[in-house]
Amino acid sequence: MSSETTLATNVAHNNAVTALISTLNDAQCQAVTTPAHSVLVLAGAGSGKTRVLVHRIAWQIQVMGTSMHSILAVTFTNKAAKEMRGRIEDLLQVSARAMWIGTFHGLAHRLLRSHAKQANLPDTFQVMDTSDQLRLIKRLLAGLNLDEDKWPPRQVQWYINGQKDEGIRAKHCVAGYDLYQQNQLKIYQAYEALCERSGLVDFGELLLRAHELLRDNPDVLAFYQQRFRHVLVDEFQDTNTVQYAWLRLLTQGRDDIFVVGDDDQSIYGWRGAKVENIFSFQKHYPDHQIIKLEQNYRSTGFILKAANAVVANNEGRMGKALWTASADGDPIALYAAFNEQDEAYFVVERIRSWLKDGGKHNDVAILYRSNAQSRQFEERLMTAAIPYRVYGGLRFFERAEIKNALAYLRMVTNRHDDASFERIINTPTRGIGAKTVDDIRQVARDQGISLWAAMLLCVEQGQLSARASNALASFAQLIKHLDQLAEDLELFEKVQLVVEKTGLLDFHSKEKADKGDEKVENLHELVNAARLFDFDSTLEGMENLSELDMFLAYASLEAGDMQADDFEDCVQLMTLHSAKGLEFKLVFLVGLEEGLFPSQQSLDDAGRLQEERRLCYVGITRAMQYLYVSYAESRRLYGRESYPRPSRFLREIPSECVQEVRLRAEVSRPVTAVKTYSAPLQAQGQYCLGQRVSHIKFGEGVILQTEGAGEQERVQINFKQAGIKWLMLAYAKLNAM
DNA sequence: AGTATAGGTTTTTTT
DNA sequence: AACCTATACT
């Protein structure tokens, strides 16, 4: 080789290096370029975590000469996976198709499809989502003659998922002498058997099976260990026991693993995530290098200071000192709303003026603790004609009408899918009642066969009434017929076929006036989604899968976000959990009330309370420039009026970072300010709901309701110290504040 | 068998 | 307020 070519290659090489690292700070650069094999990056919020991951991958490919083929990148959400793939493609200007990027669940699914036999699964196995699982459990309990009141299905589900997250199968459980435990275990066993027989796999099972697949099949394990020379993990603090065990198997020997995480952003403890994995990592990969990213590029000084101060109240942190070079910016604005409607009104007013000043919709987010809170904001935004998009909540593929259609499709590919059978056996109603279905269930249980097989048996033996028999026979006919007709059709035609031939369209169109149309529209949308379904992204290892099966898997694993409106410029509404990893110029953090955020269930548990606090930290750090926090003095929750106290997290924000906002007069003053003036509040009409008042005995409070008139007029006040009181206005001697 | 009504229950967060 | 279940009615 001539010295000139060497030189040319070197120059090209150097250019690539420069391009990759020139935009990084020292710590980021170190993380991207380190020669260490095992790397733990502790990345604070907004410190360029994704950037480091993406650049690390680019570094491996462009500089170290690694093939895309040998990289595995794992994320938690489909959104994150999609974004990472996109950013790598942007950076490298090549398709990243060959690279395995996906969620733990998605990748596990892929492995199981490729090695169904070794994983002891039927080729036609179907993934069920949380609600499918719950239905299955309810049915199971009925079958076992267990009282739902004594064995709440949700609790059973919680138990089963909890065990699976820990990698514990029914056969590994030790029940001891506790009768309750023994029974839970029995249910778990029966559940496993039922899933096995029906070819159904729940979310936890995907991970557990994928782990067992590698553990029990040395050849499979060796193949993937060979193949994935570099494993990268995003949001490492959210991995559960099984996920981590899976990663360890995969990286055994080579120990080439690059994980990025932040213990302060661990918010999935409730579904089995183990922050401790960060510590385990340090033990299991002895030659690891730790790199901290502590410079925040996202938020203003005040916002960051507030976030740091809040999370500092937690114990057992690894400790990070997030700092920013940005200016303090505007203080965080605190709004004390009269009730939840006032809160929504305030937020939307602010959004209005943001838009008036030329702000973009996309830069605005309303973040809340629970999905139920979205309604108020939706209504207000709707009347203000501001486009918005709600993440989460009931997702497209979770809607009843969609699930019905999917259940038919599932029956077409897998006759023994009991969950789907139950769902559609009498939907639309075809004269098969509870009694008949019960009989079939009985036979299925006795013979240990699927409901479908049991049904055929019943019809054959003619042990049912003629009417029921006929109805069942025509149902069986329908499914078989669909299967035949569908054979040579395109996917979307199959879906269309099902929607039309099953009578679902008619059935749903007859539902209560307003809902019916929407459901029909959704069914059409399903056909459309099938038409747009992207087969080109067919992943290797999944080639054997029919289009239909791929579509069904997609529906379970990616229940949600039709990416159609991604391009539309609109205000974003989402829970704090789904906001993780995102950033917005203007953020409203709403509903900061004890019992709501922190949630009721976490109040008496220090561990969960800390998780809530981390959630708050996540929320605050979503904001780039402006952050509004708000709470309501009174809130209608679960159909009941409640008068919550402001969240403790508000008190944890340093007062110098906050300014309280009054909507009416636009007067703002520090939170800690003492009252400046007070005038007696005499006649009626002089005050309004939400008005701040002070009482000689009870102190400060807010007016919640009024009643009566004149002499008889009474007001309900929520006092900061004394709680809620009704007072006669004529005698109360209230002062406005 | 299918539908309507009443009454009781419920809610964290997601793959 | 919304959802599910149990019961009664057609």
Side-chain angles (χ1 to χ4, degrees), chain A residues 74-81 102-109 127-135 138 142 148-149 152-154 158 161 164-165 201-207 210 235 238-240 242-243 266-273 340 367-373 375-376 391-395 397-398 400 426-437 465 467-468 471 507 510-512 515 553-561 574-581 591 595-603 605 608 611-612 614-616 618-619 635-641:
Chain A
V74 197
T75 63
F76 272 81
T77 64
N78 295 303
K79 211 194 298 171
T103 62
F104 276 103
H105 293 85
L107 294 167
H109 175 245
V127 181
M128 58 178 168
D129 67 20
T130 317
S131 62
D132 296 331
Q133 188 189 29
L134 190 64
R135 276 173 150 269
K138 281 183 180 167
E148 284 205 1
D149 293 333
R154 287 192 177 277
W158 180 258
N161 289 339
K164 289 195 177 186
D165 284 341
V201 171
D202 61 45
F203 287 140
E205 185 73 25
L206 279 173
L207 303 174
E235 309 280 16
D238 288 333
T239 49
N240 68 24
V242 176
Q243 288 163 335
S266 160
I267 55 174
Y268 285 105
W270 52 273
R271 67 167 199 212
E340 75 277 3
L367 308 181
Y368 36 77
R369 179 64 239 266
S370 81
N371 280 311
Q373 289 168 256
R375 256 188 97 116
Q376 304 297 334
Y391 286 77
L394 231 216
R395 282 181 279 205
F397 286 109
E398 288 170 357
N426 202 30
T427 310
T429 49
R430 53 171 65 83
I432 301 169
K435 174 75 172 60
T436 310
V437 179
S465 69
R467 186 171 167 184
F507 177 69
K510 289 197 186 76
E511 280 183 65
K512 285 182 186 144
K515 295 272 189 224
Y554 167 81
S556 302
L557 286 168
E558 213 161 327
D561 326 326
M574 66 187 88
T575 63
L576 288 156
H577 282 86
S578 42
K580 186 154 76 145
L596 188 62
F597 186 34
S599 78
Q600 195 65 49
Q601 295 81 334
S602 67
L603 291 181
D605 180 330
R608 304 182 104 197
E611 184 154 309
E612 296 285 310
R614 292 193 291 269
L615 199 52
C616 185
V618 168
R635 178 179 296 275
R636 214 177 166 74
L637 204 60
Y638 313 138
R640 239 201 193 94
E641 207 74 34

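Note that the structure is predicted; figures quoted are calculated from it, not measured. In the text below, chain A, chain B and the rest are named by the order of the sequence lines, each starting its count at 1. What's counted below: heavy atoms across the whole structure, side chains too, no hydrogens, waters or symmetry copies.
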Presence of A:Arg430 side-chain N/O under 4.0 Å of B:dA1 phosphate oxygens OP1/OP2: no

Counting heavy atoms from C-beta on, name the nucleotide in B:dA1, B:dG2, B:dT15 closest to the side chain of A:Arg467. B:dA1

Starting from the 5' end of DNA chain B, give me the residue, A:Phe507 or A:Arg608, whose nearest nucleotide shows up first. A:Phe507

Look only at the side chain of A:Arg608 and the backbone of A:Gln601, and say whether a donor-acceptor pair between them is shorter than 3.5 Å. yes

Looking at A:Ser578, does any N or O in its side chain come under 4.0 Å of the phosphate oxygens OP1/OP2 on B:dT14? yes

A:Thr575 side chain N/O closer than 4.0 Å to the phosphate oxygens (OP1, OP2) of B:dT14? yes

Per nearest nucleotide of DNA chain B, the residue lying toward the 5' end, A:Glu612 or A:Leu557, is A:Glu612

Within this structure, what is the CG-to-P distance between A:Asp238 and B:dT13, rounded to whole angstrom? 17 Å

Would you indicate, yes or no, if C:dT5 has its OP1 or OP2 atom less than 4.0 angstrom from a side-chain nitrogen or oxygen of A:Lys138? yes

Donor-acceptor contact present, side-chain A:Glu612 to main-chain A:Ser602, <3.5 Å: no

Which listed nucleotide (C:dA1, B:dA1, B:dT15) is nearest to the side chain of A:Arg271? B:dT15

Which part of the nucleic acid does A:Lys580 contact within heavy-atom distance under 4.0 Å: base, sugar-phosphate only, or nothing? nothing

Has the side chain of A:Asn426 got a donor or acceptor atom that lies under 3.5 Å from a matching backbone atom of A:Ile432? yes

Euclidean distance for P, C:dC4 against B:dT13 (whole angstrom): 15 Å

Of the candidate nucleotides B:dT13, B:dT15, B:dT11, which contains the atom at the shortest distance from the side chain of A:Asn78? B:dT15

Would you say B:dT10 has OP1 or OP2 under 4.0 Å from some side-chain N or O of A:Arg154? no

With a 4.0 Å limit, can you tell me whether A:Asn426 has a side-chain N or O closer than that to the phosphate oxygens OP1/OP2 of B:dA1? no

Look at the side chain of A:Thr130 and the base of B:dT15, then say whether one donor and one acceptor between them are separated by less than 3.5 Å. yes

Under 3.5 Å, side chain of A:Thr75 to main-chain N/O of A:Ala80, donor-acceptor pair present? no

Quick note, A:Ala372 side chain, CB onward, closest among B:dT15, B:dT11, B:dT3 is B:dT11

Would you tell me if any nitrogen or oxygen in the side chain of A:Asn371 comes within less than 4.0 Å of OP1 or OP2 on B:dT11? no

Go through B:dT11, B:dT15, C:dT5 for me and flag the one nearest to the A:Thr103 side chain. B:dT15

A:Thr429 has a side chain; which of B:dT13, B:dT3, C:dA2 sits nearest to it? B:dT3

Once you apply a heavy-atom cut-off of 4.0 Å, does A:Thr436 come out as touching a base, just sugar-phosphate, or nothing? sugar-phosphate

